[in-house]
Amino acid sequence: MIIFIFFMNIILSEAVAIEPNEILKNKELEAQARAIGKELRCLVCQNEDIQNSNADIAKDLRKIVRIKLEKGESKKEIIDFIHSKYGDFVLFSPPFRFDTVGLWLLPISFFILLTFYFFRKR
Amino acid sequence: MKYFLFCVFFFCIYILYEGLQKDPNLVPSNLISKEIPEFSIESLQGKNFTNVDLENKGVVILNFFASWCPPCKIEHPQLLQLSNIIPVFGIAKKNKKKDLLPWLEELGSPYEVIGMDHNGLQSINWGVYGLPETFIIQDGLVKYRHVGPILERDLEIFKNLTRKE
């Protein structure tokens with residue numbers, strides 16, 4: 001039973017590093033802030049989003065996201081602002097641009113190519 | 001077709017191998033050769049410190065530091081050296097005046113003006129990852145960014161980049 005509870009805890013708990021004093025009173029804005037937080041990479045901690053990181057920079061990014069939300073800026077405006085400061089690395093999904101076309105289209109084209117190859121053999 | 005797939009396979013291996021050579025700790029900057037961000041913060045002396053102060057001075061150095069940051073102490077002698085050649089400005093991140101003043105008294109101040117980034121938001125405005133970080137600014141454009149402490153061996157780079165043409 002104890003083991004069961006232990007594992008349920010791991011599964012059910014959403015690991016967030018947000019501290020109580022960071023949370024916005026407005027629940028809708030807080031939900032938006034969390035959605036934005038999941039799209040931004042904590043820059044110093046190798047593939048962790050700012051939502052789940054305790055690093056100093058992640059805290060500051062969470063703070064600026066919330067300040068800007070309270071000012072009434074949209075999700076896109078906020079992500080664009082942080083993107084303009086930190087570059088593509090801060091985004092988990094890279095933008096669709098000329099130099100990132102391969103990143104997006106290669107997996108799809110591989111899939112098509114291999115399906116084609118597989119069916120032709122039969 | 002088989003030959004083609006082989007080529008694709010080896011091409012992929014090559015790309016992945018190349019990727020292994022990259023240093024994941026190198027952090028890219030989005031500000032290089034762009035205009036410096038607008039800002040206006042309180043200085044240590046209680047005045048206003050804005051982007052205009054950095055724009056009209058030719059080549060200047062802007063250093064992000066704090067008295068609570070040990071590597072900042074390591075780079076301090078190098079900053080003092082550089083301040084003899086070019087103006088050095090500082091932005092102290094999340095630093096209280098009562099901590100900063102004795103620190104500067106002990107080590108000497110290379111800074112013309114020190115801006116106080118009380119809440120750390122100004123550092124985000126500059127795309128700073130961690131302390132210390134140093135920018136070379138020429139005529140309002142970011143020319144170079146140095147991450148981590150400026151060591152003795154880095155001085156050459158700084159002297160070359162800041163040499164007046």
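As the structure is a prediction and not an experimental result, all values here were calculated from the model. Protein chains get the first letters and strands the later ones, always in sequence-line order, with residue 1 at the start of each. Side chains included, hydrogens not; waters and symmetry mates left out as well; all remaining heavy atoms used.
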Consider only side-chain heavy atoms of I, L, V, M, F, W and Y, link residues closer than 4.5 Å, and tell whether [X] and [Y] are in one cluster.
X	Y	result
B:Val147	B:Phe135	no
B:Ile124	B:Val142	no
B:Val128	B:Ile150	no
B:Val59	B:Leu141	no
B:Phe64	B:Phe89	yes

| In terms of heavy-atom pairs under 4.5 Å, which option from A:Leu114, A:Asp60, A:Leu106, A:Val90 contacts chain B the most? |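 The candidate making the most pairs under 4.5 Å is A:Asp60.
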| Close side-chain approach of B:Leu31 and A:Tyr86, heavy atoms under 4.5 Å |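 A side-chain contact under 4.5 Å is absent here.
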| said: In the structure I gave you, are the side-chain heavy atoms of A:Asp56 and B:Tyr129 within less than 4.5 Å of one another anywhere? | reply: no
Quick check on [X]: does its [atom1] atom have over 12 non-hydrogen neighbours (other residues, nucleotides or ligands) under 6.0 Å away?
X	atom1	value
B:Lys47	NZ	no
B:Gln45	CD	yes
A:Glu28	CD	no

| Minimum heavy-atom separation for A:Leu113 to B:Leu5, with atom names? | CD2-CD2, 4.4 Å
| field | Inter-chain contacts: residues 61-74 of chain A against chain B, heavy atoms under 4.5 Å | value | A:Leu61, A:Lys63, A:Ile64, A:Ile67
| request: Rounded to the nearest 0.5 Å, what's the gap from NZ on B:Lys34 to NZ on A:Lys85? Could you check? | output: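 Rounded to the nearest 0.5 Å, the NZ-NZ separation comes out at 9.0 Å.
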